[in-house]
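Report on one structure; see the data block that follows.
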Amino acid sequence: MIADTGDSLTSSFFARPVLTVARDLLGTVLVTASGARVRIVETEAYGGTDDPASHAGRGPTRRSEVMFGPPGFAYVYLVYGVHHCLNLVTGPAGDPSAVLIRAAEPLAGVAPRPDTPAHRLCAGPGLLCRSLGIDLNLNGAPVAADLPGAGALRLLAGGEPGPVVASGRIGIRRATRRQWRFTMAGNPGLSR
DNA sequence: GAACCGATTGCCT
DNA sequence: GGCAATCGGTTCG
């Protein structure tokens, strides 16, 4: 029997403007190949027409080339040589934009850790990737359900996210005034 | 080719 | 609050 993917997000969801996708990803459920499920509670938008804080800001590199491709694919990179960050490519092909998944709240299948409350296991982009086993192997992987080979990562449509707050992006030095960070108000799983 | 910086986190004082 | 870990990209010589 074929798995029911009727609630899975497809390319048309990701093909929209990056700010719209970043906002609408709140409340959706990320599912890994191992069956872990987390609800996204914090995102940030990067790229678009002119974003000096984006990896794509000065043309494609070997690292950022996925951002320049079609929507619905994962862009995973290494920060500070230590942690991985998960992004989802948005907009039409050629528009180098993506949404950074900054935090989520575990629903099922996330391994506990000593001295870490469950709701903090994915409370940051690096923590989220570590808890879900996401690394460079998933860079360029198809996420939208209609793409060939999709399945290593899936997104399920979520319920109402509740009140959403737009604020300045964090952890960067450039273009911090843009209100491109989206959070579920008051959620305990937000990054610090 | 060397020096510096970065979409982070955890451990130190 | 400071800082190390550690790698890719950018900048400068």
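Keep in mind that what you see is a predicted model, and the values were worked out from it rather than measured. Quick note on labels: first sequence line is chain A, next is B, and so on, each numbered from 1.
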Self-check item: 5' priority, DNA chain B, between A/His55 and A/Arg130 [closest heavy atom]
Solution: A/His55
Quiz item: OP1 or OP2 of B/dG6 sitting under 4.0 Å from any side-chain N/O of A/Arg173?
Solution: yes
Self-check item: Rounded interatomic separation in angstrom, taking CG from A/Asn87 and C1' from B/dT8
Solution: 14 Å
Self-check item: Aromatic ring of A/Tyr46 stacked on base six-ring of B/dA7, 5.5 Å, 30°
Solution: yes
Practice problem: Considering just the side-chain nitrogens and oxygens of A/Arg113, establish if one lies under 4.0 Å of OP1 or OP2 belonging to B/dG10. | Solution: yes
Quiz item: Do we see a donor-acceptor contact under 3.5 Å between the side chains of A/Gln179 and A/Ser167?
Solution: no
Self-check item: Span that lies between the P atom of C/dG13 and that of B/dC5, in whole angstrom
Solution: 14 Å
Quiz item: Are A/Val99 and A/Ile40 connected in the hydrophobic side-chain network, where two residues link if heavy atoms are under 4.5 Å apart?
Solution: yes
Practice problem: Return the residues of residues 89-102 of chain A meeting this criterion: a heavy atom under 4.0 Å from some atom of DNA chain B. Order them by number, or give none. | Solution: A/Leu100, A/Arg102
Practice problem: Sort out for me which residue in A/Leu156, A/Leu132, A/Val110, A/Thr32 forms a side chain to side chain contact (heavy atoms under 4.5 Å, CB included) with A/Arg37. | Solution: A/Leu156
Quiz item: For A/Arg178, which contact category applies under a 4.0 Å heavy-atom criterion: base, sugar-phosphate, or nothing?
Solution: nothing
Quiz item: Could you state the OH-C1' distance from A/Tyr77 to B/dG6, rounded to the nearest angstrom?
Solution: 9 Å
Self-check item: Co-membership, hydrophobic cluster, residues A/Leu30 and A/Phe182, 4.5 Å side-chain
Solution: yes
Self-check item: Which nucleotides of DNA chain B pair, in dot-bracket form (Watson-Crick or G-U under 3.5 Å, | meaning another strand)
Solution: ||||||.|||||.
Quiz item: Does the ring of A/Tyr46 carry A/Arg169 above it, NZ/CZ under 6.0 angstrom from centre and within 45° of its axis?
Solution: yes
Quiz item: Can you tell if the side chain of A/His84 reaches within under 4.5 Å of the side chain of A/Leu128, non-hydrogen atoms only?
Solution: no
Quiz prompt | Sugar-phosphate only, base, or nothing, as touched by A/Gly81 at under 4.0 Å among non-hydrogen atoms | solution = base
Quiz prompt | Nearest-Å distance once atom C1' is located in both C/dG1 and B/dA7 | solution = 22 Å
Quiz item: Can you check whether A/Arg58 has a side-chain N or O nearer than 4.0 Å to OP1 or OP2 of C/dT11?
Solution: yes
Quiz item: Is it true that the NZ or CZ of A/Arg16 lies under 6.0 Å from the centre of A/Phe13's six-membered ring and within 45 degrees of the ring axis?
Solution: yes
